[in-house]
Enquirer: 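Structure provided below as structure tokens; questions to follow.
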Amino acid sequence: MESALDKYLEGHCSFRNEALDWLERQTNIRTNYPRMLSGRVQGAFLYMLARMIRPERVLEIGTFTGYSTICIALGLPEGGHIDTLEINDELQDLTEEGFGRAGVQDRISLHIGDALEFMRQEAGKCGTEGAYDMVFIDANKREYPDYYELAIQLTRPGGFILADDVLWDGKVYAESVPGDKQTSGIVNFNEAAAGDPRVETMILPVRHGLSIIRKK
């Protein structure tokens, strides 16, 4: 259920796009977990961030139906491009239709398959320089620590790593932290980033928690 704060934030967010409105409706109708959609406020933040840092190459880990992908793509500079990774091929038709409706299909390459395998292959190609200006992590929470180490390799110095769901509905800071693998994955990710001298990091309490990590 939408809170009063959520309604207020959306009411004061100027970021609107007809293709995203369509995609949100279709995601609610055609998928089992529409809550995974980024939503307009977080989408606006991703759009604004892309406008500010102007990344030429972006890697997104976890496409779902492509809402966040479109938001980032709309904010890219001319010539900017996103590689987005999704393991569920059943979402491909809906996702690609959304890209087309938003007019950003030429800025996006959708890769269906295992994200860690793709990242390892790319890390082997780019050496120590990094291939991406920005990496956005929003996929299997159990694998967040693995995504993090590979994202560090794949991000150029001065680039940014973002990670969604890092507050995990308050479970990560509960008096008694649950021991399930998803929560443990996020806890370990948060601790790794906070203690890593290679980066600067903070968590914004946007939606379910968004980490912003800058590689030194």
Enquirer: When you measure from the side chain of N190 to the backbone of V166, do you find a donor-acceptor pair of N or O atoms at a distance under 3.5 Å?
Expert: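 Checked: pair present.
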Enquirer: For residues Y67 and S38, report the shortest heavy-atom separation together with the two atoms involved.
Expert: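 Result for this residue pair: CD2-CB, 4.1 Å.
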Enquirer: Membership question, hydrophobic clusters at under 4.5 Å side-chain separation (ILVMFWY): are L37 and W22 in the same one?
Expert: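 Yes.
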Enquirer: Strictly distance-based, threshold 3.5 Å: is any side-chain N or O of K216 a donor or acceptor partner for the main-chain N or O of P197?
Expert: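 Side chain of K216 to backbone of P197, a donor-acceptor pair under 3.5 Å: yes, one is there.
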Enquirer: For E122 versus Y132, what's the shortest heavy-atom pair and its separation?
Expert: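 Where E122 meets Y132 most closely, the heavy atoms are OE1-OH, 4.2 Å.
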Enquirer: Are more than 12 heavy atoms, taken from residues, nucleotides or ligands other than R16, located less than 6.0 Å from that residue's CZ atom?
Expert: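 Count over threshold, so yes.
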Enquirer: Roughly how far, to the nearest 0.5 Å, is CD1 of I112 from CD of E90?
Expert: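 Reported to 0.5 Å precision, the distance equals 11.0 Å.
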Enquirer: Does one side chain, of E60 or S68, offer a donor that lies under 3.5 Å from an acceptor on the other?
Expert: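 Yes, because at least one side-chain N or O of E60 sits under 3.5 Å from a partner of the opposite role on S68.
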Enquirer: Around atom CD of E96, are there more than 12 heavy atoms from other residues, nucleotides or ligands closer than 6.0 Å?
Expert: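 Yes, the 6.0 Å shell around CD holds more than 12 heavy atoms from other groups.
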Enquirer: Is there a donor-acceptor pair under 3.5 Å between the side chain of T63 and the backbone N or O of L85?
Expert: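 Side chain of T63 to backbone of L85: a pair is present.
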Enquirer: Can you give me the closest heavy-atom contact between A139 and Y144, atom names plus distance?
Expert: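 Shortest heavy-atom separation between A139 and Y144 comes out as O-CE1, 3.6 Å.
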Enquirer: Measure from the side-chain N and O atoms of K215 to the backbone N and O of I161, and report whether any donor-acceptor pair falls under 3.5 Å.
Expert: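 Not confirmed, K215 side chain does not pair with I161 backbone.
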Enquirer: Answer yes or no: is there a donor N or O on one side and an acceptor on the other, between the side chain of D133 and the main chain of G159, under 3.5 Å?
Expert: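 Between the backbone of G159 and the side chain of D133 there is no qualifying donor-acceptor contact (under 3.5 Å).
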Enquirer: Give, for atom CD1 of I72 and atom CG of L76, the distance between the pair rounded to the nearest 0.5 Å.
Expert: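 Separation between the atoms: 7.5 Å.
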Enquirer: Between R207 (side chain) and Q42 (backbone), is there a donor-acceptor pair under 3.5 Å?
Expert: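 Not confirmed, R207 side chain does not pair with Q42 backbone.
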Enquirer: Could you report the tightest heavy-atom contact between F64 and E86, atom names first, then the distance?
Expert: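 Here F64 and E86 meet closest at N-OE1, 2.7 Å.
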Enquirer: Between D138 (side chain only) and G62 (backbone N and O only), is there a donor and an acceptor less than 3.5 Å apart?
Expert: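 Absent.
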Enquirer: Heavy atoms only: give me the nearest T155-V135 pair and the separation to one decimal.
Expert: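 Closest pair (atom of T155, atom of V135, distance): OG1-CG2, 3.4 Å.
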Enquirer: Side chain of R40, backbone of C13: donor and acceptor closer than 3.5 Å?
Expert: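 Side chain of R40 to backbone of C13, a donor-acceptor pair under 3.5 Å: yes, one is there.
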Enquirer: In plain terms, say whether D169 and R35 are close enough for a salt bridge, that is, a side-chain N and a carboxylate O under 4.0 Å apart.
Expert: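 Salt bridge present between D169 and R35.
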Enquirer: Has H81 got a side-chain atom pairing as donor or acceptor with R107's backbone, closer than 3.5 angstrom?
Expert: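 Answer holds: yes.
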Enquirer: Using the six-membered ring wherever Trp is involved, compare the ring planes of F189 and Y148 and label them parallel, tilted or perpendicular (cut-offs 30° and 60°).
Expert: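 Because their plane-to-plane angle is over 60°, the rings of F189 and Y148 count as perpendicular.
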Enquirer: To the nearest 0.5 Å, what is the distance between CD1 on I137 and CD1 on I61?
Expert: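 Taking CD1 in I137 and CD1 in I61, the distance rounds to 4.5 Å.
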Enquirer: State, with a plain yes or no, whether a side-chain heavy atom of N28 is found less than 4.5 Å away from one of E24.
Expert: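 Result yes, sub-4.5 Å side-chain heavy-atom pair found.
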Enquirer: Could you walk me through whether E149 and R198 pass the salt bridge (charged side-chain N to carboxylate O under 4.0 Å, His left out) test, one step at a time?
Expert: CA-CA 11 Å; E149 282 303 323; R198 299 171 294 179; 3.2 Å; yes
Enquirer: Just verifying a value: how many Å separate M134 CE and I213 CD1, rounded to the nearest 0.5 Å?
Expert: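 M134 CE to I213 CD1: 12.5 Å, rounded to 0.5 Å.
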Enquirer: Could you pull out the closest heavy-atom pair between D164 and K141, with the gap in Å?
Expert: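 Taking every non-hydrogen atom into account, O-NZ, 4.4 Å.
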Enquirer: Ignoring hydrogens and geometry, is there a side-chain-to-backbone donor-acceptor pair from K171 to T183 under 3.5 Å?
Expert: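 No: the side chain of K171 does not pair with the backbone of T183.
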